[in-house]
Amino acid sequence: MPEELIIKHCSPTLAGLKSGSMFSVTFDSDVEMVTALKEMNGILKEKGLKAIPFKKNETRYLIYIYRPSHLIEELKTPRAEAILKSLGYEVGNLPKCLSELARRIKDDKDFPHEIGLFLGYPPEDVSGFIDYKCGTGACGGEPKCNGCWRVFGDKETAERKFNQYKKCTRVYSEVYKQGRSLDKLIVPSKEQA
């Protein structure tokens, strides 16, 4: 799996700033993808992360890299649980939630709006986006700003996170180009440290 692609799209997750990230990559076959994923998970597992495939379009695969411990905690918040429960997810069961998300990604032509919860977006912004896209207006109108996601809640905190993510990606890219290996760039989860 091209490490440069992982650095470009997943640095904040690798650094422990974010619970999950996604990217798409081309493989010549399912066998090649499975082999690459197995190799990547060998590196990630030691640091408390996982990579799973979510979707395949011809030769392009959507790969999700996440920190299970972070994601479990984030999905436990009352607002996140309420969103997932309202959409039919089995709250409290991460493997089943991920399976359901993968099914929805595969079956829907658009990404399911709740995907933001799995990417570390604040629940109030995910909820606001769902309301905004559904036209209910319950979120109070237009987004306050756009960055890595559309912000309906705390604009200042979101803008700080956007800048933090950009800086992290820039630093990781520079350090990687200088020869630091991907496994040395991954910050271990607390339970792995």
Side-chain angles (χ1 to χ4, degrees), residues 1-72 74 94 98-99 101-102 104-106 108-112 114-122 125-126 145-151 158-193:
M1 200 169 304
E3 291 183 352
E4 298 85 8
L5 202 57
I6 295 169
I7 298 289
K8 179 179 178 181
H9 295 284
C10 304
S11 289
T13 298
L14 301 177
L17 303 174
K18 207 170 168 264
S19 57
S21 299
M22 281 193 258
F23 63 98
S24 78
V25 61
T26 301
F27 290 108
D28 292 331
S29 68
D30 289 347
V31 171
E32 183 183 9
M33 184 276 297
V34 168
T35 302
L37 210 55
K38 218 179 230 181
E39 184 179 307
M40 180 54 53
N41 274 313
I43 295 167
L44 296 174
K45 184 179 179 182
E46 292 178 21
K47 308 284 184 156
L49 287 85
K50 289 184 180 179
I52 57 174
F54 265 166
K55 186 176 185 173
K56 175 187 175 189
N57 285 339
E58 297 177 23
T59 60
R60 292 203 65 77
Y61 297 80
L62 182 64
I63 306 295
Y64 177 58
I65 292 181
Y66 68 105
R67 290 179 176 269
S69 61
H70 288 147
L71 191 56
I72 287 167
E74 289 176 8
L94 184 59
L98 290 171
S99 292
L101 180 64
R104 289 170 184 239
I105 290 171
K106 183 180 168 201
D108 296 343
K109 63 179 177 146
D110 296 321
F111 277 106
E114 69 274 11
I115 197 167
L117 295 172
F118 296 86
L119 297 172
Y121 302 171
D125 293 334
V126 174
C145 72
N146 294 313
C148 301
W149 63 86
R150 290 185 186 173
V151 178
E159 287 176 335
R160 280 194 301 276
K161 279 202 179 289
F162 298 161
N163 290 330
Q164 185 182 35
Y165 294 169
K166 283 180 197 170
K167 181 178 180 181
C168 174
T169 301
R170 188 185 77 249
V171 168
Y172 267 51
S173 294
E174 289 169 5
V175 172
Y176 182 75
K177 285 177 188 170
Q178 294 169 3
R180 177 100 34 104
S181 64
L182 180 66
D183 68 311
K184 299 287 188 228
L185 290 171
I186 302 170
V187 174
S189 292
K190 289 177 187 171
E191 61 277 359
Q192 305 303 118

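Bear in mind the structure is a predicted one, so any value in this text is a computation, not a measurement.
Note that OH of Y176 and OG of S181 are 8.5 Å apart. Values are rounded to the nearest 0.5 Å. Atom CG of L49 sits about 8.5 Å away from atom NE2 of H70, to the nearest 0.5 Å.
Residue pairs meeting the side-chain hydrogen bond (donor to acceptor under 3.5 Å, both in side chains) criterion with at least one partner in residues 27-36, sequence neighbours excluded, are D30-K56, D30-Y61. Legend: side-chain hydrogen bond (donor to acceptor under 3.5 Å, both in side chains) pairs involving residues 159-171, not counting sequence neighbours, sorted by first then second residue: T157-R160. A salt bridge (charged side-chain N to carboxylate O under 4.0 Å, His left out) check over residues 61-70, counting only residues at least two apart or in different chains, returns nothing.
Minimum heavy-atom separation, L117 to E74: O-OE1, 4.3 Å. Between H9 and M22, the shortest heavy-atom distance links the atoms CB-O, 3.8 Å. Here the closest heavy-atom approach between residue L37 and residue P53 is recorded as CD2-CD, 3.2 Å. For the residue pair L5 and S24, the shortest heavy atom distance occurs at CD2-O, 3.4 Å. Nearest heavy atoms, K18 versus G20: NZ-O, 2.8 Å. Nearest heavy atoms, F27 versus A36: CE2-CB, 3.6 Å.
Listed by chain and number, the residues in a side chain to side chain contact (heavy atoms under 4.5 Å, CB included) with I43 are D183, I186 (sequence neighbours excluded). Listed by chain and number, the residues in a side chain to side chain contact (heavy atoms under 4.5 Å, CB included) with V175 are V171, R180, L185 (sequence neighbours excluded). With sequence neighbours excluded, no residue satisfies side-chain hydrogen bond (donor to acceptor under 3.5 Å, both in side chains) with T59. Judged as a ring pair (Phe, Tyr, Trp, His ring centres under 6.0 Å), and not counting sequence neighbours, the contacts of F162 are W149. The side chain to side chain contact (heavy atoms under 4.5 Å, CB included) search around K177 returns none, not counting sequence neighbours. Partners of T13 by side-chain hydrogen bond (donor to acceptor under 3.5 Å, both in side chains), not counting sequence neighbours, listed by chain and number: S21. When the ring pair (Phe, Tyr, Trp, His ring centres under 6.0 Å) test is applied to F54, the partners found at least two apart in sequence or on another chain are Y64. Under the side chain to side chain contact (heavy atoms under 4.5 Å, CB included) criterion, L94 pairs with Y66, P68, L71, I72, L75, L98, not counting sequence neighbours.
S19 places none of its side-chain heavy atoms less than 4.5 Å from the side chain of L119. Looking only at side-chain heavy atoms (C-beta outward), L182 and L14 come within less than 4.5 Å of each other.
The neighbour count for K55 NZ, taken as heavy atoms of other residues, nucleotides or ligands under 6.0 Å away, is above 12. Within 6.0 Å of CD on E39 lie no more than 12 heavy atoms contributed by other residues, nucleotides or ligands.
No donor-acceptor distance shorter than 3.5 angstrom exists from the side chain of N41 to the backbone of K50, with no hydrogens or angles considered.
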Exercise for the section: Step by step, work out the side chain to side chain contact (heavy atoms under 4.5 Å, CB included) result for N146 and V151. Expected result: CA-CA 6 Å; N146 294 313; V151 178; over 6 Å; no
Practice task
Take I63 and I52, measure what side chain to side chain contact (heavy atoms under 4.5 Å, CB included) needs, and give me the verdict at the end.
Solution key: CA-CA 6 Å; I63 306 295; I52 57 174; over 6 Å; no
